[in-house]
Asks: 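Before I ask anything, here is the structure I am working with.
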Amino acid sequence: MLIRFRQDVINLKPKIVIILAGSNDIAGNTGHVTIDKIMDNIKSMAELARLYHIKVILCKYLPVYEYPWNKHIKAADSIVSYAKERNYTILDYWTPLVDERQGQRAELTVDGVHLNLAGYKIMEEVTDAAVKKALKNWH
């Protein structure tokens, strides 16, 4: 995502960018990637956006109890403290989707990792709210 950030975001001159990044890295889909490396990439994208006057919205990860293809990995979330420190809007997907095991609510997912239509409807609602909040705080 960082490599494509200029062509996919900066060059399009949006008012806002929503960054939901790192979950495939946490799942180990492309091999081991440290949380620090994931955060470095997210920070670089956010800093580039700010440099180009693009409002940043950082997303909390979707809850995942375990990845069926990699059962030993658990998601970590250092995004919130970074977002607060830099005064970025936080888009909270975690809270409306989470169950008592810290995974996705069964009625919102097809496999515990990927959402179904009902889950995406909830994401749509909280995304709209975060965009409205970011635009309201627009300078």
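These values consider heavy atoms only, across backbone and side chains, with no hydrogens, waters or symmetry-generated copies.
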Asks: Rounded to the nearest 0.5 Å, what separation is found between the CG atom of Leu115 and the CG atom of Leu117?
Replies: 10.0 Å

Asks: Only counting residues at least two apart or in another chain, list the ones meeting ring-ring contact (aromatic ring centres under 6.0 Å, His included) with Tyr88.
Replies: Tyr82

Asks: Could you please spell out the steps behind the side chain to side chain contact (heavy atoms under 4.5 Å, CB included) verdict for Met1 and Met45?
Replies: CA-CA 8 Å; Met1 289 175 65; Met45 288 185 282; 3.9 Å; yes

Asks: What pairs with Ala118 under side-chain contact (heavy atoms from CB on, under 4.5 Å), at least two apart in sequence or on another chain?
Replies: Leu108, Asn116

Asks: Please answer whether the main-chain N or O of Val113 pairs with a side-chain N or O of Gln104 as donor and acceptor at a distance below 3.5 Å.
Replies: yes

Asks: What pair of heavy atoms forms the shortest contact from Leu20 to Lys60, and how long is it?
Replies: CD1-O, 4.1 Å

Asks: Should we say atom CD1 of Ile3 is surrounded by more than 12 heavy atoms from elsewhere, each under 6.0 Å from it?
Replies: no

Asks: With rounding to the nearest 0.5 Å, note down the distance linking CE in Met39 to CD1 in Ile79.
Replies: 5.5 Å

Asks: Under the rule for side-chain hydrogen bond (donor to acceptor under 3.5 Å, both in side chains), what residues qualify as partners of Tyr52, not counting sequence neighbours?
Replies: Arg6

Asks: Apply side-chain hydrogen bond (donor to acceptor under 3.5 Å, both in side chains) to Asp40 and list each qualifying residue two or more places apart in sequence or on a separate chain.
Replies: none

Asks: So which heavy atom on Ile19 is nearest to which on Ala46, and how close?
Replies: CD1-N, 4.0 Å

Asks: Checking Asp92 now: which residues fulfil side-chain hydrogen bond (donor to acceptor under 3.5 Å, both in side chains) with it, not counting sequence neighbours?
Replies: Thr95

Asks: Nearest 0.5 angstrom please: Ser81 OG to Lys84 NZ, how far?
Replies: 8.5 Å

Asks: With side chain to side chain contact (heavy atoms under 4.5 Å, CB included) as the test, would you mind laying out the steps for Ile57 and Val131 before giving the verdict?
Replies: CA-CA 8 Å; Ile57 298 176; Val131 168; 4.1 Å; yes

Asks: Out of the candidates Val9, Val56, Val17, Leu2, only one should pair with Leu48 under the side-chain contact (heavy atoms from CB on, under 4.5 Å) rule; please name it.
Replies: Leu2

Asks: I'd like to know if Leu51 and Ile42 are part of one continuous hydrophobic network [Ile/Leu/Val/Met/Phe/Trp/Tyr, side-chain heavy atoms within less than 4.5 Å].
Replies: yes

Asks: Leu91 and Ile18: side chain to side chain contact (heavy atoms under 4.5 Å, CB included), yes or no, with the steps?
Replies: CA-CA 8 Å; Leu91 203 170; Ile18 297 172; 4.0 Å; yes

Asks: Could you give all pairs that pass the side-chain hydrogen bond (donor to acceptor under 3.5 Å, both in side chains) test and reach residues 122-132, with sequence neighbours left out?
Replies: Tyr93-Thr127

Asks: Test your reading of the model: is there a side-chain donor-acceptor pair from Thr109 to the backbone of His114, 3.5 Å cut-off?
Replies: yes

Asks: Do Tyr120 and Ile122 belong together in a cluster built from hydrophobic side chains that touch within less than 4.5 Å?
Replies: yes

Asks: List the steps, then state whether side chain to side chain contact (heavy atoms under 4.5 Å, CB included) holds for Arg50 with Arg86.
Replies: CA-CA 10 Å; Arg50 183 169 269 175; Arg86 300 291 300 195; 3.3 Å; yes

